[in-house]
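What follows is a set of notes on a single structure, which appears directly below.
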Amino acid sequence: MKSILPHLYDGHMMQQYKGAPLGELSPHVFAVADVAYRAMINEGKSNSILVSGESGAGKTETTKMLMRYLAFLGGRAATEGRTVEQQVLESNPVLEAFGNAKTVRNNNSSRFGKFVEIQFDKQGRISGAAIRTYLLERSRVCQISDPERNYHCFYLLCAAPQEEIDKYKLANPKSFRYLNQSRCYELVGVSDAHEYLATRRAMDIVGISAKEQEAIFRVVAAILHVGNIEFTKGSEVDSSVPKDDKAKFHLKMTAELLMCDPDALEDALCKRVMITPEEVIKRSLDPQSAAISRDGLAKTIYSRLFDWLVDKINVSIGQDASSKSLIGVLDIYGFESFKTNSFEQFCINFTNEKLQQHFNQHVFKMEQEEYTKEQIDWSYIEFVDNQDVLDLIEKKPGGIVALLDEACMFPKSTHETFANKIYQTFKTHKRFIKPKLSRTDFTIAHYAGEVLYQSDQFLDKNKDYVVPEHQDLLGASKCSFVAGLFPPLPEETAKSSKFSSIGSRFKLQLQSLMETLNSTEPHYIRCVKPNNLLKPAVFENVNIMQQLRCGGVLEAIRISCAGYPTRKPFFEFINRFGLLAPEALEGNYDEKVACAKILEKKGLKGFQIGKTKVFLRAGQMAELDARRAEVLSIAAKTIQRRVRTHYARKRFIALRQATVVLQSICREYLRRRMQLICFYVCLVLTCRSLACKVFHGMQKEAAAVKIQKHLRKHQARTTYNKLHVSVLVVQTGLRAMAARKEFRFKRQSKAAIILQAVWRCHRAAKYFKRLKRGSIAAQTQMRGKIARRELRKLKMAARETGALKEAKDALEKRVEELNWRLQLEKRLRTDLEEAKAQEITKLQNSLQEMQTKLDESNALIVKEREAAKKALEEAPPVVQETQVMVEDTAKVESLTAEVDSLKASLESEKQRAEENETKYNEAQTSGEERCKKLEETEKKVSQLQENLTRLEEKLTNLESENQVLRQQAVSMTPNKFLSGRSRSIIQRAAESGHIPGDAKIPLDLHSPSVNHRESELEDKPQKSLNEKQQENQELLIRCIAQHLGFAGNRPIAACIIYKCLLQWRSFEVERTSIFDRIIQTIGNAIETQDNNDILAYWLSNASTLLLLLQRTLKASGAAGMAPQRRRSSSATLFGRMTQSFRGAPQGVNLSLINGGMSGGVDTLRQVEAKYPALLFKQQLTAYVEKIYGMIRDNLKKEISPLLGLCIQAPRTSRASLVKGSSRSVGNTEAQRALIAHWQGIVKSLGNFLNTLKANYVPPFLVRKVFTQIFSFINVQLFNSLLLRRECCSFSNGEYVKAGLAELEHWCYKATDEYAGSAWDELKHIRQAIGFLVIHQKPKKTLDEISHDLCPVLSIQQLYRISTMYWDDKYGTHSVSSDVISNMRVLMTEDSNNAVSNSFLLDDDSSIPFSVDDISKSMKQIDISDIEPPPLIHENSGFSFLLPRAD
């Protein structure tokens, strides 16, 4: 643990827990040790830490960590360079060697209890330490059970250096009786030789001298020799003597090692001295009593030796007698319940009952004291009291221990009488149970569960006689060490009873231990072992719960939860949860009142407030923490917002300041630049005035210089002309030389370029041709591979012709339905358009009528107005005017009212027209949408019709392909060509010159002359050599048609065929019929496709023969010269099969080069094969693949009906599956019937495997078959799971999981040699079932499901399982809605991917191997010693098959 998680136990972690209150930090071993140390310092009272747990849970490691932390707190300086903690740890190898042993659950189990007392002075510094041991398992020295071991020291001594072994006359552990009762002698990953040297070094460190070490191991060797002393009846009645010389040798070696007299040792083992008042009587012991005496001596010696070692270690460590305070660390074994429980388990469980009572009382006492101290209202809490179990075991005089001691005191008592005694005594005890089917076993109901004890050896293991003869013998030993182990007994002890009970002494030691624990303040550490496999990261839930129950942890939790498990002081509570109610802190309230306000504000009920603490019910602390986390989260967000604002403003101010500084620098730079420009202008003006003065002087100098210049010019020109002429001459010569040199260089360069161009062209052309050949070869292979794959698919499709017809019928029905819907839509659309047109016409007509009425009304109004005007003009001036006005006004008003009514009707008509127009637009829109839907429907119909057409074409092609295959299979033996014997005769006649010259033209095998010559040769009375060979071939065919069996693991038929073909040189001839006849024989044999035995027999023969051909035949170098009539590639099964049923093509004349075979036929040789041999190899390969497919398909047919029953649990038995296991016989039979279908599959697989093994089918092919079978199972089960909702239930998942466990067990039994990776093929169904049976699905995220739980399944598959899942057992829900929505999003993103849209799996029925794979996987076959079958054994023509004498 420390090596795996070093950071949890280093100095930094110690510093963290130093002085920290219990519960403030995470639970830790250091926290318990710190509490114990602080309590000892503050209260001045000793403390103890009880470390318990089952074997292998880490108690010893925990004890080491506690001592390290206490040494860290105590801080004592080193003594002789070593601290007390180091000295205690250094003694561990010695104690483990002599006190530890391998048990069923742990390879290094402590078989004694260890109580380490660490003593402290008044300042709290370590002042000493002592180790107290309890309850050493003495009976293990003489009796062990398989697969346990005895104490380590015996095996270490047997693995000591050779000189040590010779000195003590030791041997292998198997030769000693005390060690060979178990078959386990070594530990995995542990070297006993290295451990022996480490123990010797530890003894040196502890302070055990070399002389004492030598004496210790002499005693250990003597115990081994004592165990091998066997006894037999002596000459006197009821006497015993050593059985044989071997027993006498071990007796002598024991006496020599113990340095005592051999005769005295024999008398001490075989005789007893009885002292009476009158005389001293020597009584002989029978062999059984002598063996008991021998074992008692061995146990006594070993017990005294172990006690001496503990005392020596304590002396080495040093103790402080004046110490008043100590911390004790108890490391003792935990509760044990095995398949066989004897006296040792009885004592161990008795100890744990005592410790459990102490633990319960302590926990209950702490709870009650806490409630009383805080003065809160509480009710009495009931807890499990195991006092009745303790009374049953230890009560006097009627306890089991007392009855056992009583039985041991009577010589004639047996385990049966003891069992009857306890049956009668405790028949009414509620904790004691008598088994129905046993006369000596008994069961005790412990606090951790019921334990069945076997009392067969209780009496023998409880007896511990203090034999005076043993005491006197070893006390008088010449070895001071042995004599020191057996000091003289006090006179009172010597006069007392000789009988001593191990159980009674065990009880006294336990009582002493409990007194020590009761005098200290206890603290508890429970060690839990996660699994029994001793592997990391594996947790067995049931096992862990059992350990927690055995350790009393669950009971302690129940007691704590029944009251107030969470308690906090007022200050801590307000400091932690005050932010939930700030008003309680702002007011001047008392701490108690503030705590009450906080709890009342949050609405909690059932809490209690004591004097100094707040007591909360279970779960209330978590609720407060959740609300506190919410408040802190809001506060943190507010702080983050303010801080980010501050940082942003700070950056803005800094940026603004930097901008101002940059602007000032730029402006200063421009100002200085202007100043420099003004200065340069002034300087130029000054320079010009000075230049005018200097100019005149310079003119005079210029004139003088000009005169000098012309003179010098004339002289220089003259010199230059002379030099120019000379230079021209020299340059001309040099340039001519350079031109010639350059010309030669260019000519050479041009020639080199031409050569390079030609070479590069040649190289490029050569590379192109090589690349072209390679490309053609690669394309040929790829096309062949594609063709084979397409053929397999076509075959599968051909097998599923019925399914295609059903699909065709379904599609036809679908097309008819779509056509009907299309016609219906068309009719509805037509009717709708007609109704629309009629309604529009009506609306238009009504609108026109209203418009006409409106026009007429307007015209009438105009006419009336004109008539009114005329009447006004013609009327008299006064009276008539008034009358006319009145009449006209009435008319006008009536006309106005009529116009208003017309306008209102017009508006209503317009409104109706608008409404009709709106309805028309809506109808038009819906009509367009329906048109679009109709067009889409028409497109779908056209697509479906195209698909239907393609499927019909595919079905037609498959039917034609099947018909061709049937025709080819029927025509097994072609009759178009001549027999091989006739062709051979004609060839030999042509070669020997017997055929006339006009017959030596390219041979026509069908000509009448050839047939005539053949008939003449066959009519000859004398048999020719070819006829003899033909008879041999006939005999070989009749022989291999029988079941020849196997020689070892080699098929006889394949070996005989290979030897004959090699001897007859059939591979090297241009034409022969033997190959066709062999292929025909194999084809006739496998016509019965349902007989797997025959198919397996021929698969073994065909694969073996193919292996021999693969390693023998090699293609000829002139293979490329084959005529064009030869098939280009027959790589696929269909191509090979069509060729295999023909003879050699007519007119073929292959000129293959002979490979030159030499030697016998017993060794594999490389032969250059001709065309018939290569064709035979292809045909044989096709038959291997064909037989393999037939065997595989037969097994699929056999298990297919069972797979349909295995995917769903039967409803009649599902209730028993949901309720779990029951003790009733009916439910057991129901559960057996439940998995009967799975067992049927397992049985089929087992029978199939046995058939393949019996026929010695190569393991490579067996692995391939089962890989494809398991893939088929995976596909069928997984697809059924996705297509049937009733299968996606919790109970059905458990049912399928149980079935998969059966398959896994079968794979384990079949071994990897035959099963291979078949189990991995079930990954889809395994992960799907695992998803169905996991709990708390709503808490799982999509990432956990897709990457951790089901990495193989696609999103579509996960979505379908999640939506179809239903829990018929616990009523739980599937995954959360967020996960479902995320799955939909991912499915939408992948909708364009055709592969991802398919959630079903496809079954792969292809041939998963090639000839090279078979050749690489199979071992070399030796065919030299194969005996020929009886049919050809005596035939002289097959004498080459007989094994050679050498």
Side-chain angles (χ1 to χ4, degrees), residues 1036 1039-1061 1078 1081-1083 1085-1086 1088-1112 1161-1164 1177 1180-1195 1244-1269 1306-1307 1309-1316 1318 1407-1431 1441 1443:
L1036 174 64
C1039 179
I1040 65 175
Q1042 302 174 1
H1043 192 291
L1044 300 182
F1046 301 85
N1049 58 351
R1050 300 161 297 176
I1052 296 176
C1055 299
I1056 295 299
I1057 292 172
Y1058 175 77
K1059 279 188 173 185
C1060 292
L1061 295 179
I1078 292 172
T1081 302
I1082 297 174
I1086 64 173
T1088 306
Q1089 298 183 2
D1090 296 332
N1091 193 336
N1092 287 333
D1093 195 11
I1094 295 176
L1095 294 177
Y1097 169 79
W1098 280 108
L1099 179 60
S1100 177
N1101 280 277
S1103 59
T1104 304
L1105 182 57
L1106 181 62
L1107 171 67
L1108 295 172
L1109 296 180
Q1110 177 71 10
R1111 296 176 178 175
T1112 301
V1161 298
D1162 295 334
T1163 59
L1164 298 180
K1177 180 183 173 183
L1180 197 61
T1181 304
Y1183 265 101
V1184 169
E1185 295 180 358
K1186 179 180 179 180
I1187 299 172
Y1188 171 89
M1190 293 165 66
I1191 291 177
R1192 178 197 61 203
D1193 295 338
N1194 287 344
L1195 183 56
S1244 299
L1245 295 176
N1247 295 338
F1248 187 73
L1249 178 59
N1250 294 334
T1251 301
L1252 298 181
K1253 284 184 179 179
N1255 290 278
Y1256 298 100
V1257 177
F1260 171 79
L1261 297 178
V1262 178
R1263 288 194 297 271
K1264 292 296 183 181
V1265 169
F1266 284 115
T1267 299
Q1268 288 197 317
I1269 291 300
W1306 182 87
C1307 291
K1309 291 199 302 182
T1311 70
D1312 291 339
E1313 181 182 5
Y1314 295 102
I1407 303 300
F1409 57 85
S1410 62
V1411 181
D1412 293 333
D1413 295 335
I1414 299 177
S1415 178
K1416 293 176 182 177
S1417 64
M1418 295 178 64
K1419 298 180 180 178
Q1420 187 70 30
I1421 299 177
D1422 183 15
I1423 61 174
S1424 58
D1425 57 346
I1426 299 296
E1427 286 285 343
L1431 186 62
L1441 296 177

Review point. Which is it for Phe1409 and Val1184 under the side chain to side chain contact (heavy atoms under 4.5 Å, CB included) test, yes or no, and what are the steps along the way?
Key: CA-CA 11 Å; Phe1409 57 85; Val1184 169; 4.2 Å; yes

**Study point:** Stepwise side chain to side chain contact (heavy atoms under 4.5 Å, CB included) test for Thr1311 and Tyr1314
**Key:** CA-CA 6 Å; Thr1311 70; Tyr1314 295 102; 4.1 Å; yes

Review point. If we ignore angles and hydrogens, is there a donor and acceptor under 3.5 Å between the side chains of Asp1413 and Ser1410?
Key: yes

Review point. Which pair of non-hydrogen atoms, one from Tyr1097 and one from Gln1042, has the smallest distance, and what is that distance?
Key: OH-O, 3.7 Å

Review point. Would Thr1081 and Ile1078 satisfy side chain to side chain contact (heavy atoms under 4.5 Å, CB included), going step by step from the backbone distance to the final call?
Key: CA-CA 5 Å; Thr1081 302; Ile1078 292 172; 5.6 Å; no

Check your understanding: Within 45° of the ring axis of Tyr1188 and under 6.0 Å from its six-membered ring centre, is that where the NZ or CZ of Lys1264 lies?
Key -> no

Review point. Step by step, would you call Asn1101 with Asn1255 a side chain to side chain contact (heavy atoms under 4.5 Å, CB included)?
Key: CA-CA 9 Å; Asn1101 280 277; Asn1255 290 278; over 6 Å; no

Practice item. Heavy atoms only: give me the nearest Pro1051-Thr1104 pair and the separation to one decimal. Key: CG-OG1, 3.3 Å

Review point. So, do Val1257 and Ser1103 sit near enough that their side-chain heavy atoms are less than 4.5 Å apart?
Key: no

Check your understanding: Closest approach of Trp1098 and Ile1082, non-hydrogen atoms and distance?
Key -> CZ3-CG1, 3.8 Å

Point to revise | Closest heavy-atom pair and its distance - Ile1191, Asn1092 | key: CA-OD1, 4.4 Å

Review point. Could you go step by step and tell me if Thr1112 and Tyr1058 meet the side chain to side chain donor-acceptor pair (under 3.5 Å) rule?
Key: CA-CA 10 Å; Thr1112 301; Tyr1058 175 77; 2.6 Å; yes

